[in-house]
2 protein chains.
Amino acid sequence: MNSSRPVTIKDIARRFRCSPSTVSRALNDHPAINEDTRKNIQEYAKEVGYQRNEVSLSLLNKKTATLGVVVPTISNYYETAVIEGLHTALQPLGYTLNICVTNENYLLEKEYLSKLLSNRAEGIFLSVSQETYDSGYYEHLESVIQRKTPLIFIDREYEDFETSRATVDDYHGAFAAVEHLINIGYKQIAHLKGPNGLTVSEQRFKGYVDCLKKYDMPVREELIINTNFKVESAIVPTKRLLEMVSPPDAIFGVNDQVAIGAMRVVKDKNLKIPQDVGLVGFDNSPISAYTFPSLTTVSRPGRKIGMEASRLFINQINGSGDFSHESIVLPSELVIRESSLRI
Amino acid sequence: MNSSRPVTIKDIARRFRCSPSTVSRALNDHPAINEDTRKNIQEYAKEVGYQRNEVSLSLLNKKTATLGVVVPTISNYYETAVIEGLHTALQPLGYTLNICVTNENYLLEKEYLSKLLSNRAEGIFLSVSQETYDSGYYEHLESVIQRKTPLIFIDREYEDFETSRATVDDYHGAFAAVEHLINIGYKQIAHLKGPNGLTVSEQRFKGYVDCLKKYDMPVREELIINTNFKVESAIVPTKRLLEMVSPPDAIFGVNDQVAIGAMRVVKDKNLKIPQDVGLVGFDNSPISAYTFPSLTTVSRPGRKIGMEASRLFINQINGSGDFSHESIVLPSELVIRESSLRI
DNA sequence: GAAATTTTTTCAAACGTTTGCATTCAATAT
DNA sequence: ATATTGAATGCAAACGTTTGAAAAAATTTC
């Protein structure tokens, strides 16, 4: 009762006293099938709700039309934009995306990759978890490489692997953001940094440092504080910054969430944005345009990254074996709004 | 060269001049296999990176351990929380989640469901798209029912189907929000409504209306304006509200995004929150605690919904055929913050 | 009416794995 | 030496579908 076995080709064959081959051909409009036979079979199939078992086909053809998307989180605007881009590009080609969320956890990442290989995914898009990045264990990727399953790195890359990758130019985005603050006239620019070790954090940090250096401004260690990307992780650090004897007059947040957290603290201290404190974020999340004041930020083309990554994948499966891998770096763009426009 | 065929059990069998059965049993630690044979085979398998082809197993056992999650979007906090809840509950049981994003599109939803059935998903969690809801076409669900694939509705339910469902009590959440505004002393409460037709929108709307009625306050048509849940869709409506001859002194937004959009407009008009205008949202998204002023809102237990939905699924597959379906309604909870606390 | 041709259908193998049952082989008991 | 046991392995079928080649059936040609 519980599980009514799905109708198979054999069931239909029995019903028409013909062979499964005939049914298969009839359903696929094979020309060598009698017109009447075809019509009868197709009608009956529709009537009983026949649906091709793709699992058996996958086995036969060794094609699953499934791609793995392994990401640390889907709770941010950026990540969902990337997935949307992948989806937009790959869904029309008949691919199914298998989205796996690792929660920055190494073991889960490993398990998902293994599972994807077992399920014969035809390609994997990977943004490595923070734990993986920290630990430096990349053995779990070896089996993907060994199996020659196309592996496309998204964003968080690992330099030692021979793979394609699509990343955003975080460095120059951060550089432009800080340069903008300097041009406006801010003198003491703090940075709410992301977790150590992640490319994203470090590149933005580097852009921050290099820009200060270019303009002969001191890099004050005490103005650089870590966060974990989340809005609440900016609260205590920002308070610490503002209570210094020589507090910063501008804050560059590693992302919009952090910048919005900082915004809240600045306002609680009755300081004016951008007059007393300038503020810049990163991501250009939808909300950033509607905070008060609106947030200057750096836009990351998440959707585009997804589409470019798809392109890299397609290139790879169409290319020959000695295909040399591609690295795509998309520019990020400064979006100037009220939070930094001191006049 | 491109595709190095994965190692199969047959390959290993050939290497050891034994039968595939022996290899299979050796790999699965079957007791009837000689100790040495087992060790040799297992070692070799590891060495060449053998990985069980789950596709063939799926075919054999008619079990795919795959569940479909069909949602309109993953760009909101709430949806990702639900997915996280599903994930938390089902990943440990060995299930793989196949997340499908319909973008509120009927045809895509239909295609995904068909694909999930073809791929023999063992269950489907569905939050129907807006188009589906609007059109009232539910034929594409019939095949899911017919195949007796467990179907769990999440949030956006369709009353006519005999299925399990897990929803949040939007009605009472909205009621409580409006009641709170009334208790504080607000007299003219506007509502930025969600898209027509969606349960979520309509339930909150109903809660709003019924609460006004309970307190003998007039329901003014012109104070009810539609949005599409997105922050930018609140801008024009809020402007319209505030420029009325008799403007509202409080706004109840269908979600936090919309409320935050309204917050921006109110501030642009140099009106004070909560003194001149009270504001309440819905969702309790992380950012709502850190806006300035912080946003009073109604929390929806997304993670819990995901976990409850998982439970319903598990119940259903363990239950007998004449299993009567369950409806779970989780309470939503008013979270009072600064944006409504006029003293 | 038989041969040649065309149309339609069936056979069998394949994809990778598991598993009940049968078989083989060696060791032990009689 | 023969029967009995026990351990280790192999056989074959099954899951659902496709497809080249062979076979069967129907039609045409002379």
Side-chain angles (χ1 to χ4, degrees), chain A residues 3-42 44-45 48-66 115 117-122 147, chain B residues 3-42 44-45 48-66 114-122 147:
Chain A
S3 62
S4 68
R5 192 171 59 73
V7 179
T8 73
I9 268 189
K10 287 185 185 173
D11 297 329
I12 302 180
R14 214 166 303 136
R15 158 75 173 68
F16 283 93
R17 291 174 211 286
C18 70
S19 74
S21 336
T22 303
V23 177
S24 170
R25 291 196 169 98
L27 291 174
N28 292 318
D29 289 324
H30 194 283
I33 293 294
N34 182 284
E35 186 63 16
D36 287 342
T37 318
R38 209 209 58 194
K39 235 173 55 190
N40 287 335
I41 289 180
Q42 288 192 353
Y44 179 75
V48 296
Y50 168 78
Q51 244 169 333
R52 178 126 124 289
N53 184 334
E54 294 288 345
V55 177
S56 77
L57 256 200
S58 292
L59 181 58
L60 185 60
N61 298 333
K62 303 179 171 204
K63 299 225 163 153
T64 55
T66 298
K115 219 166 182 175
L117 288 184
S118 283
N119 288 325
R120 301 299 188 256
E122 295 179 27
R147 269 272 272 296
Chain B
S3 61
S4 68
R5 193 172 57 73
V7 179
T8 72
I9 267 189
K10 287 186 187 174
D11 296 329
I12 302 181
R14 213 166 305 133
R15 159 75 173 68
F16 283 92
R17 293 173 210 285
C18 70
S19 74
S21 335
T22 302
V23 177
S24 171
R25 284 196 254 258
L27 292 173
N28 292 319
D29 290 324
H30 193 285
I33 293 293
N34 181 285
E35 186 62 16
D36 288 341
T37 318
R38 210 209 57 194
K39 235 173 54 191
N40 287 334
I41 289 181
Q42 287 192 353
Y44 181 76
V48 296
Y50 169 78
Q51 245 169 332
R52 180 125 122 289
N53 185 332
E54 293 289 344
V55 176
S56 75
L57 256 201
S58 293
L59 181 58
L60 185 61
N61 297 334
K62 302 177 171 208
K63 298 228 163 147
T64 55
T66 298
S114 159
K115 218 165 182 175
L116 285 170
L117 288 184
S118 283
N119 288 324
R120 300 297 187 259
E122 295 179 27
R147 270 272 274 296

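On a predicted model such as this, the values are computed, not experimentally measured, just so you know. Numbers restart at 1 for each chain; the letters A, B, ... are given by sequence-line order, proteins then strands.
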- Task: Check whether any side-chain N or O of A:Tyr50 sits under 4.0 Å from OP1 or OP2 of D:dG16, and answer yes or no.
- Result: no

- Distance in angstrom units between B:Asp29 CG and C:dT18 P, rounded: 12 Å

- Note on the structure: From CG of B:Asn61 across to P of C:dT18 the rounded distance in Å is 9 Å

- Query: Do B:Leu57 and B:Asn53 come close enough that some side-chain heavy atom pair is under 4.5 Å?
  - Reply: no

- Nucleotide D:dG16, atom C1' - distance to CG of A:Asn53 in whole Å: 6 Å

- Take B:Arg14 and B:Asp11 through the salt bridge (charged side-chain N to carboxylate O under 4.0 Å, His left out) test and state the conclusion after the steps. CA-CA 5 Å; B:Arg14 213 166 305 133; B:Asp11 296 329; 3.6 Å; yes

- Note on the structure: note: A:Ile12, atom CD1; D:dT18, atom P; distance rounded to Å ~ 11 Å

- Message: Regarding B:Ser21 and B:Ser24, do their side chains bring together a donor and an acceptor under 3.5 Å, going by distance alone?
- Response: no

- Task: Measure the distance from CG on A:Leu57 to C1' on D:dT17 and round it to the nearest whole Å.
- Result: 6 Å

- Would you kindly give the CG-to-P distance between A:Asn119 and C:dC15, to the nearest whole Å? 20 Å

- Query: Looking only at heavy atoms, which two atoms of A:Ile41 and A:Cys18 are closest? And how far apart?
  - Reply: CD1-SG, 4.5 Å

- Task: For A:Asn28, report the nucleic acid contact type (base, sugar-phosphate, nothing); a contact means any heavy atom under 4.0 Å.
- Result: sugar-phosphate

- Query: With respect to the phosphate group of D:dC15, does any side-chain polar atom (N or O) of B:Arg120 fall under 4.0 Å of OP1 or OP2?
  - Reply: no

- Task: Grab the CZ-P distance between B:Arg5 and C:dA14 for me, whole Å please.
- Result: 13 Å

- Query: For D:dA14, does either OP1 or OP2 sit under 4.0 Å from a side-chain N or O belonging to A:Lys10?
  - Reply: no

- Task: Considering just the side-chain nitrogens and oxygens of B:Ser24, establish if one lies under 4.0 Å of OP1 or OP2 belonging to C:dT18.
- Result: yes

- Task: Look up atom CZ in A:Arg120 and atom CG in A:Leu59, then write down how far apart they are to the nearest 0.5 Å.
- Result: 10.0 Å

- Note on the structure: A:Lys63 atom NZ is separated from C:dG16 atom C1', nearest whole Å, by 18 Å

- Give, for atom OG1 of B:Thr8 and atom CZ of B:Arg52, the distance between the pair rounded to the nearest 0.5 Å. 14.0 Å

- Report yes if the side chains of B:Phe16 and B:Thr22 come closer than 4.5 Å at any heavy-atom pair, otherwise no. no

- Query: Is any side-chain nitrogen or oxygen of A:Lys62 closer than 4.0 Å to OP1 or OP2 of C:dA14?
  - Reply: no

- Message: Applying a 4.0 Å non-hydrogen cut-off, can you work out what A:Leu60 is touching in the nucleic acid: base, sugar-phosphate, or nothing?
- Response: base

- Query: Tell me, for nucleotides 6-12 of chain D in 5' to 3' order, what letter each nucleotide earns: B for a base near a protein heavy atom under 4.0 Å, S for only sugar-phosphate near one, - for neither?
  - Reply: --BBBBB

